[in-house]
Amino acid sequence: MSIQSMTGYSRYVYTTDTAEYQVEVKSVNHKFLSLNVKVPRIFSFLEPVVYSNAQEKIKRGKVDVSIRIKIVNPEMNFTSLNTNTAMSYYNSLKEFKNNAGMLEDVSLAHILALPDIFTFDIDDESADKIKAEASKALEEAIEKLKSSCSVEGGKLGKILYEYIDQIELKVKEIEKHSGRMKEYYKEKIRDNLGDLLFETDASYSEERLEMELAMIAERADIEEEMNRIKVHCHSVKNLLKNTDKNPVIGAKLDFFCQELVREFNTIGSKNKLTEISLLVIDGKALINSLREQVQNIQ
C-alpha cells in the first residue's frame, strides 16, 4: 500500500434495474474527518448509510459526498401530486395576478416551483434495495478516490524522503561543529577562573569551580539531542516504507515533526556558536516544510 494523500476526486456511475446512481467524492486536507453528504431529499434515509460507510473507510480529510439517483424502473413510482395544494397555489396566484393587473398567465412552471407540491413515499422493500445499491456505488467511488489519493501520495512520499535526507545532513554538519562547543565553555571557565583566584574563601571558590564544571557537562553536550533526531528520522523513513502496516500515518508523522522541532530547539538553547545557530535555523525550516506536506497525508 502506498502513502494516501487527503487530496483526491472520484466519480462513479452505477446502473441497476432499479436506478442509475451517480456518486462524486471530493477530499482535501483537514486535521480530522469532516464529512459533508448531499443526497436528494426523497432519499434522505441514505444519509446515515453514507456517513457510516465513509467514516469506516476514510480517516482524515474534508470530504464531500454527493449522490444523484435517477429511478429507471417505471414500476417504482414514489411521487404523488398534492392536487389540493397545487389548486390552492394556483387560485392564490391567479387572484394576485388579477389584483396586481399582471398580464402574464399563471403557468405550470410557476406551480411546480413552489414547495410541498409533491409527496414522496418509498416502501421499506424499495428503500432497502436502494440502500444496498447506493452503498455499493459509494464503495466503488471511495475505492476510486483512494486510487486518486495514492497517486498524489506517491508524489508526497518522494518529497518527504528528500526533506528527511536534508534534515539528516544538517545533523551531520552540526556534529562537525559540536566539539567546538566544549572548547567554548572551557574558555569561558578559564576567564571565570581569573575571578576565582581573587576569592579569599577557598571552599567557596572550589564550590564555584564545581558548579562551572557541571555547567560544561550539561550545556556543551548536544549528543543526546542529535541522536534523538537521527532516531526520529529513521522512524519516519520506516513509516513511509511500511504503509501496508501503518495505513494511516499522517498523525504519527505530525508527532515526529513536533519531536524534531523540540530537539532542534534544545540544541539551539545550548548552543553559542554562530555556525550551529545557522544550521538549527535551516533544520527547523526544513521541518516546517516537511510538516506542511504531512498535513495532507491520511
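None of these values were measured; they are calculated from a predicted model.
Between Tyr14 and Tyr12, the ring-plane angle classifies as parallel under the 30° and 60° cut-offs.
Ser126 places no side-chain N or O within donor-acceptor distance of the main-chain N or O of Ile122, the cut-off being under 3.5 Å. Looking only at distances, a side-chain donor or acceptor of Thr266 sits under 3.5 Å from a matching main-chain atom of Arg262. Judged purely by atom type and a 3.5 angstrom limit, Ser10 has no side-chain atom pairing as donor or acceptor with the backbone of Ile142. Side-chain atoms of Ser27 never come within 3.5 Å of backbone atoms of Gly8 as a donor-acceptor pair (strictly under, hydrogens ignored). In this structure, Asp105 contributes its side chain and Ser107 its backbone to no donor-acceptor pair below 3.5 Å. For the pair Ser52 (side chain) and Pro48 (backbone), a donor-acceptor distance under 3.5 Å is absent. Judged by distance alone, the side chain of Asn99 and the main-chain N or O of Glu95 form a donor-acceptor pair under 3.5 Å. Judged by distance alone, with hydrogens and angles left aside, the side-chain atoms of Asp254 form no donor-acceptor pair with the main-chain N or O of Gly250 at under 3.5 Å.
Residues satisfying the ring pair (Phe, Tyr, Trp, His ring centres under 6.0 Å) criterion with Phe256, sequence neighbours excluded, are His232.
Between the CD1 atom in Ile58 and the CG atom in Leu145 there is a gap of 5.5 Å [rounded to 0.5 Å]. Atom CD1 of Ile3 and atom SG of Cys149 lie 12.5 Å apart (nearest 0.5 Å). Taken from NZ in Lys97 to OH in Tyr90, the straight-line distance is 8.0 Å, to the nearest 0.5 Å.
For the side chain to side chain donor-acceptor pair (under 3.5 Å) condition, the pairs that include at least one residue of residues 59-71, sequence neighbours left out, are Asn36-Asp64. The side chain to side chain donor-acceptor pair (under 3.5 Å) contacts involving residues 137-160 comprise Ser2-Ser150, Gln4-Ser150, where partners must be two or more places apart or lie in separate chains.
Arg228 and Glu224 are joined by a salt bridge, as a carboxylate oxygen and a charged side-chain nitrogen come within less than 4.0 angstrom of each other.
Just one residue in the list Glu175, His177, Glu173, Lys270 forms a side chain to side chain contact (heavy atoms under 4.5 Å, CB included) with Ile276, and that residue is His177. For the side chain to side chain contact (heavy atoms under 4.5 Å, CB included) with Lys252, the qualifying choice from Ile297, Leu239, Val294 is Leu239, the only one to do so.
Side chains of Glu133 and Thr16: a donor on one and an acceptor on the other come within 3.5 Å. Judged by distance alone, the side chains of Asn73 and Thr18 never bring a donor and an acceptor atom under 3.5 Å apart. Judged purely by distance below 3.5 Å, without hydrogens or angles, the side chains of Ser235 and Asn238 never pair a donor atom with an acceptor atom. A donor-acceptor contact closer than 3.5 angstrom is absent between the side chains of Glu24 and Gln22.
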task = Evaluate side chain to side chain contact (heavy atoms under 4.5 Å, CB included) for Lys284 paired with Asn265, printing each intermediate quantity in order.
result = CA-CA 8 Å; Lys284 290 170 67 174; Asn265 281 337; 2.7 Å; yes

request  = Please report the C-alpha distance between Lys230 and Lys172 in whole Å, then the side-chain angles of each, then the deciding distance to 0.1 Å, and finally whether the side chain to side chain contact (heavy atoms under 4.5 Å, CB included) criterion is met.
outcome  = CA-CA 10 Å; Lys230 293 175 186 177; Lys172 288 182 180 179; 5.8 Å; no

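Counting non-hydrogen atoms of other residues, nucleotides and ligands closer than 6.0 Å to NZ of Lys26 gives a total of 12 or fewer. Crowding of Asp123 atom CG: a count of heavy atoms from other residues, nucleotides or ligands under 6.0 Å exceeding 12.
Each of Val13 and Val23 belongs to its own hydrophobic cluster when Ile, Leu, Val, Met, Phe, Trp and Tyr are linked at side-chain heavy-atom distances under 4.5 angstrom.
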